[in-house]
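Below is one structure, written out as structure tokens, with a few remarks after it.
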Amino acid sequence: MSRICELTGKGRQVGHNVSHANNKTKKVFLPNLQNVTLMSEKLERSFKFRVSTQGLRSVEHNGGLDNWLMKTSDIKLSPRALKVKRELKKSASAPAEAA
């Protein structure tokens, strides 16, 4: 399983460990990924995602999963998150047509 946040697209970064003698060795910096269940208020369902802790803070800052998905570009989102975003768009347009 790849180490990529499903909502922000944040992945691994490569850098150097630098010793006191200025020797450089390769190091991989991995995002802090957590398995979380996020609730969609509009769909009244919960969804499981593998999200970085920074991504989780961003979702909460934007007012929940629904707002986050609508504001985020499709390029950053995983296929599972895109599927939820399409469901949100479909549910948002359905009541407007019925009225």
**Request:** Could you work out the complete set of other residues in the hydrophobic cluster of Leu30, with links drawn between I, L, V, M, F, W and Y side chains under 4.5 Å apart?
**Result:** Val28

**Message:** Assess whether a salt bridge exists between Glu87 and Arg45, defined as any Lys/Arg side-chain N lying under 4.0 Å from an Asp/Glu carboxylate O.
**Reply:** yes

**Asked** Is the side chain of Thr8 donor-acceptor paired with the backbone N or O of Cys5 at a distance under 3.5 Å, no angle test?
**Response** no

**Fill in**
Output for pair (Ser52 OG, Gln34 CD), nearest 0.5 Å, gives 9.5 Å

**Request:** Any pair with a residue in residues 59-79 that passes salt bridge (Lys or Arg N to Asp or Glu O under 4.0 Å), sequence neighbours left out, goes on the list, sorted by first then second residue, please.
**Result:** Asp74-Lys85

**Request:** Any salt bridge (Lys or Arg N to Asp or Glu O under 4.0 Å) involving residues 5-25? Give me the pairs, sequence neighbours left out, ordered by first then second residue.
**Result:** Glu6-Arg80

**Prompt:** Is the count of non-hydrogen atoms from other residues, nucleotides or ligands lying under 6.0 Å from His16 atom NE2 greater than 12?
**Reply:** yes

**Item:** Hydrophobic cluster (4.5 angstrom, side-chain heavy atoms) - remaining members for Val14
**Value:** none

**Asked** How is the hydrophobic cluster of Leu77 composed, in terms of its other members, when Ile, Leu, Val, Met, Phe, Trp and Tyr link through side-chain heavy atoms under 4.5 Å apart, directly or indirectly?
**Response** Leu7, Val36, Leu38, Leu43, Phe47, Phe49, Val51, Leu56, Val59, Leu65, Trp68, Leu69, Met70, Leu82, Val84, Leu88

**Message:** Going by side chain to side chain contact (heavy atoms under 4.5 Å, CB included), name the residues that satisfy it together with Thr25, two or more places apart in sequence or in a different chain.
**Reply:** Asn17

**Asked** Measuring from Thr37:OG1 to Met39:CE, what's the distance to the nearest 0.5 Å?
**Response** 10.5 Å

**Message:** Under a 3.5 Å distance rule, please check whether Asn62 uses its side chain to pair with a backbone N or O of Ser58 as donor and acceptor.
**Reply:** yes

**Prompt:** Short question: side chain of Ser40, backbone of Glu44 - any donor-acceptor pair under 3.5 Å?
**Reply:** no

